[in-house]
Amino acid sequence: MTVGVLGGGQLGRMMALAGYPLGQRFVFLDPGAESCAGHVGDLRVGAYDDEERLAEISRRADVITYEFENVPVASARYLAERAKVFPPPRALEVSQDRLAEKTFFAASGIATPAFAPASSREELERAVAKVGLPAVVKTRRFGYDGKGQMVLRAPGDVSAAWDALGAAPLIVEAFVAFDAEVSVIAVRGRSGEARVYPMVENEHRGGILRVSVPSGPAITPAMQQAGEAIAARVLTELDYVGVLAVELFAKGGELLVNEMAPRVHNSGHWTIEGAETSQFENHVRAITGMPLGSTRAVGSSAMVNLIGKMPPRDALLALDGVHLHSYGKDGAPGRKIGHVTVRAPSQPELAERLARVRAIVDAAG
Ligand code: AMP
């Protein structure tokens, strides 16, 4: 089969690397001629709304998916009229607009931080009054890695937030003083079969994911169960096929959903070496109609992102249990250019190895 992928970044690249052993081929669409999935698959360069390119992908691919959630929904729907597209375009639509997303979660009985829309300065004042301070103001669309958002601590901050962000429709959310940020990665096949990976504890800095630890110290068995129930709910409500990521805040044993991503996710990269079947392989299995693989963890593992600049490669590779993934991208401030999975036979050994990897990565800046 040929899998068409909208987006040609590292997520698509790792999807292809996981799909080849299953006999699949890959064709990517991305506006960037240098996209790193092009190193491992056929890259067609074009805009996501270029009908000629979309028609070409739909002719060439047996099934189409995305590795980037800001693909225009109209393009996904155009493709869905001509080919099989998974996850469903509706999942893309919901995840692109923070207001639609939070409204969807609330309607599905899933707890979120309190929220309210704001499209004018007056509405922003009202939304902040409703949600309370501190609050986070975010643009409804096209925010990622903490971009397009501001924390409001005092009533006087409202004006600055409006001046900075008010050009776009906004959402105001209650600021959650969370104990931990966690995520759930789940997968659902075409037959409706679903599986969930061990929940992941995530550390962000500057709005960017730095470290993910599956079954990290903040994750209790009750939390794992609650996370699985949330994922199951979303998968069923959206009649979802493929891998889904849900990001949540854990506070006092409760889970509040922040957002979802209708795709393979950075907090699931540990699954390449750390789980029986990686998120990438399970995504390919799901969308091509194969049985899903086990999501069980194999030993203890953690993932460290490489951001901005590549640390000394050989220093990392000289450590036991370290697996380096370089995406073949040029370094740039804030850009994800690779990751490291650290594996160990026990939790104490993992902690020791992770500390060494972090020291090397942090020293590189
Ligand atoms: P997001 O783009 O929504 O994933 O937000 C980026 C980061 O900002 C999150 O990973 C959190 O660390 C922080 N953040 C976002 N929303 C909230 C919130 N409502 N309360 C506290 N922190 C938040």
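Counting convention: from 1, in listed order, for ligands and their atoms alike. Sequential numbering from 1 along the given sequence is applied to the chain's residues.
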Atom 16 (N) of ligand 1: which of Q149, R98, K138 has the nearest heavy atom? K138
From the options F175, F249, F178, F115, select the one whose nearest heavy atom is closest to atom 14 (N) of ligand 1. F249
For [X], take its heavy atoms, then give the atoms of ligand 1 lying under 4.0 Å from any of them.
X	answer
H204	10 (O)
V136	17 (C), 18 (C), 19 (N), 20 (N)
E181	9 (C), 10 (O), 11 (C), 12 (O)

Any side chain to side chain donor-acceptor pair (under 3.5 Å) pairs touching residues 49-59, not counting sequence neighbours? R44-E56, R53-E56
Could you tell me whether V176 approaches ligand 1 through its side chain, its backbone, both or neither, with non-hydrogen atoms closer than 4.0 Å? both
Apply ring-ring contact (aromatic ring centres under 6.0 Å, His included) to residues F68 and Y48 and explain how you reach the verdict. CA-CA 11 Å; F68 172 65; Y48 293 125; 5.6 Å; yes
A174 to ligand 1, any heavy atom closer than 4.0 Å: yes
Below 6.0 angstrom between ring centroids: does that apply to Y327 and H339? yes
Under the side chain to side chain contact (heavy atoms under 4.5 Å, CB included) test, which residues partner A351, sequence neighbours left out? none
Within 45 degrees of the ring normal and closer than 6.0 Å to the centroid, is that where the cationic atom of R188 sits relative to F86? no
Is E247 close to ligand 1, meaning an N/O of one under 3.5 Å from an N/O of the other? no
Before accepting this row, confirm whether a basic side-chain N of the pair R121/D163 lies closer than 4.0 Å to the acidic partner's carboxylate O. yes
